[in-house]
Protein chains: 2
Amino acid sequence: MISKRTKYAIKALVALAKNKDKKSMTIMEIAQQENIPKKFLEAILLDMRKQGILSSKIGIGGGYYMLKQPSEIVLTQLMRTIDGPIAMLPCVSLNFYERCEDCTDEVTCGIRDAFAQVRDASLKVMSETTLEDIVKREERLKVSKSKGKKQG
Amino acid sequence: MISKRTKYAIKALVALAKNKDKKSMTIMEIAQQENIPKKFLEAILLDMRKQGILSSKIGIGGGYYMLKQPSEIVLTQLMRTIDGPIAMLPCVSLNFYERCEDCTDEVTCGIRDAFAQVRDASLKVMSETTLEDIVKREERLKVSKSKGKKQG
DNA sequence: TATAAAATCTATCAACTTAGTATACTTTTG
DNA sequence: CAAAAGTATACTAAGTTGATAGATTTTATA
């Protein structure tokens with residue numbers, strides 16, 4: 001399970017990515033639109049800002065806006081910077097490797113080998129998914145939903 | 001990340017699966033061999049027993065032994081019964097579905113769609129991996145390691 | 001039948017993480 | 001100057017995880 005923090009982060013970024021016409025969105029706007037506790041969102045957006053994904057403007061008329069292109073923001077980056085490792089075992093993590101204390105021989109560990117395969121599979125998908133993809137998916141899903149309505 | 005509980009469970013099962021000659025292993029034996037805190041392992045093995053994977057015999061000469069065949073024990077089953085959902089979002093979980101409270105329309109949610117793909121990818125691997133596979137991997141890895149030594 | 005070996009049961013705990021709240025502050029613009 | 005906005009710091013409540021402790025029950029065997 002990803003944390004709510006990560007989920008909220010993605011939601012907020014999707015909201016901002018969709019919001020191309022307007023220059024920026026206030027924390028309040030995003031919070032209400034996406035059903036995210038405002039104070040919690042505050043901290044999350046600040047994080048995204050420190051990572052160079054977002055920027056903000058203080059004061060009246062201010063708010064948050066995208067700094068990076070949605071097509072440049074990859075799911076793996078978000079997940080790693082917020083939740084940390086993606087792998088299911090510390091010893092197979094590419095970015096947060098740690099030895100398993102109980103392990104006597106990592107090289108011949110079948111469990112490690114199996115979970116390395118799992119990591120590869122999920123990483124393949126996640127590393128190919130950008131914010132842009134998610135927005136596009138959303139658009140597609142909305143179209144096919146409305147088509148479904150007309151048909152049913 | 002899977003919990004240590006799950007990791008220990010898999011390790012213990014691998015140890016028991018490898019232990020074909022002897023009838024059973026005591027908690028103490030498994031704990032020492034696999035570097036697992038004995039009391040913790042106790043609870044884990046009891047769990048596996050309740051699930052019908054292991055059985056045990058009390059008293060002198062007693063211990064734990066496999067009830068199911070290693071080829072019948074699938075990674076997904078272990079993970080689900082110990083850690084719960086495999087999916088990274090409650091709303092894409094096949095076995096532990098829950099609505100995201102903040103979500104307004106699940107059907108058109110791009111995040112959900114993306115993580116459903118992730119789930120499919122990792123589930124494919126995990127559902128094809130049995131305890132037998134892990135044991136075989138271990139054997140293969142040991143062979144290729146010793147070969148490597150001779151060559152190097 | 002006493003004893004030791006083994007599993008079982010029940011309870012508890014400390015540390016950590018997560019999700020969220022509170023309060024006070026600073027910067028900007030009208 | 002006042003209101004709107006983001007920034008900073010600290011705190012907390014609840015839940016989870018990893019682990020320990022102590023007492024009990026069952027069984028083999030000397």
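In this text, all values refer to a predicted model and were calculated from it rather than measured experimentally. The analysis underlying the following values was restricted to heavy atoms, covering all of them including side chains, and did not include hydrogens, waters or symmetry mates.
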### Task
Indicate for each nucleotide in nucleotides 24-30 of chain D, in 5' to 3' sequence, whether protein heavy atoms under 4.0 Å reach the base (B), only the sugar-phosphate (S), or nothing (-).
--BBB--
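Ion pairing between a basic and an acidic side chain is recognised when a charged N comes within 4.0 Å of a carboxylate O; B:Asp102 and A:Lys7 show such pairing. Residues A:Lys145 and B:Asp105 are paired through a salt bridge, judged by an N-O separation under 4.0 Å between the basic side chain and the carboxylate.
With distances taken from any side-chain atom of B:Tyr64 to the nucleotides D:dT7, C:dA7, C:dA19, the minimum falls on C:dA7. The A:Lys4 side chain lies nearest to C:dA19 when the options are C:dA19, D:dT7, C:dT8. For B:Thr26, the side-chain atoms get nearest to C:dA6 when compared with the rest of C:dC9, C:dG20, C:dA6. Side-chain atoms of B:Arg5 lie closest to D:dG18 of the nucleotides D:dG18, C:dA7, D:dA8.
Contact record, B:Leu131 with B:Ala17: CD2-CB, 4.1 Å, taken as the closest heavy-atom pair. Of all non-hydrogen atoms in A:Ser127 and A:Val74, the two that sit nearest each other are O-CG1, 3.4 Å. Here the closest non-hydrogen pair linking A:Ser71 and A:Thr130 is O-CG2, 3.4 Å. Taking every heavy atom of both residues into account, A:Arg5 and A:Ile82 meet most closely at CD-CG2, 3.8 Å.
Under 3.5 Å, the side chains of A:Ser56 and A:Tyr65 contain no donor-acceptor pair of N or O atoms.
Exactly one residue among B:Arg137, B:Lys142, B:Arg140 makes a salt bridge (Lys or Arg N to Asp or Glu O under 4.0 Å) with A:Asp113. That residue is B:Arg137.
In this structure, B:Tyr8 places its OH atom 14 Å from P of D:dT17, rounding to the nearest Å. In this structure, B:Ile82 atom CD1 and D:dT17 atom C1' are separated by 13 Å, rounded to whole Å. Across the protein-nucleic acid pair, A:Ile27 atom CD1 and C:dT28 atom P stand 16 Å apart, rounded to whole Å. Rounding to whole angstrom units, CG of residue B:Leu54 and C1' of C:dA6 are separated by 16 Å. Here the C1' atom of nucleotide C:dT17 and the CE atom of B:Met1 are 15 Å apart, to the nearest Å. Atom OH in B:Tyr65 sits roughly 12 Å away from atom P in C:dA7 (whole-Å rounding). When the C1' atom of C:dA6 is taken as reference, atom CD1 of B:Ile30 falls 12 Å away, rounded to whole Å. Between the C1' atom of D:dA5 and the CD atom of A:Glu29 lies a distance of 11 Å, rounded to the nearest Å.
Each of B:Met28 and A:Ile2 was matched to the nucleotide of DNA chain C holding its nearest heavy atom; the match closer to the 5' end belongs to B:Met28.
In the region residues 34-44 of chain B, proximity to DNA chain C at under 4.0 angstrom, judged on heavy atoms, holds for B:Lys39, B:Glu42.
In this structure, B:Arg49 does not reach the C:dA7 phosphate: none of its side-chain N or O atoms is under 4.0 Å from OP1 or OP2. An OP1 or OP2 oxygen of C:dT8 is reached within less than 4.0 angstrom by a side-chain nitrogen or oxygen of B:Ser56.
No contact: B:Leu45 has no heavy atom under 4.0 Å from any strand.
Atom CG of A:Leu13 sits about 10.5 Å away from atom CD of A:Glu34, to the nearest 0.5 Å. Rounded to the nearest 0.5 Å, atoms CG (B:Leu75) and CD (A:Gln117) are 10.5 Å apart.
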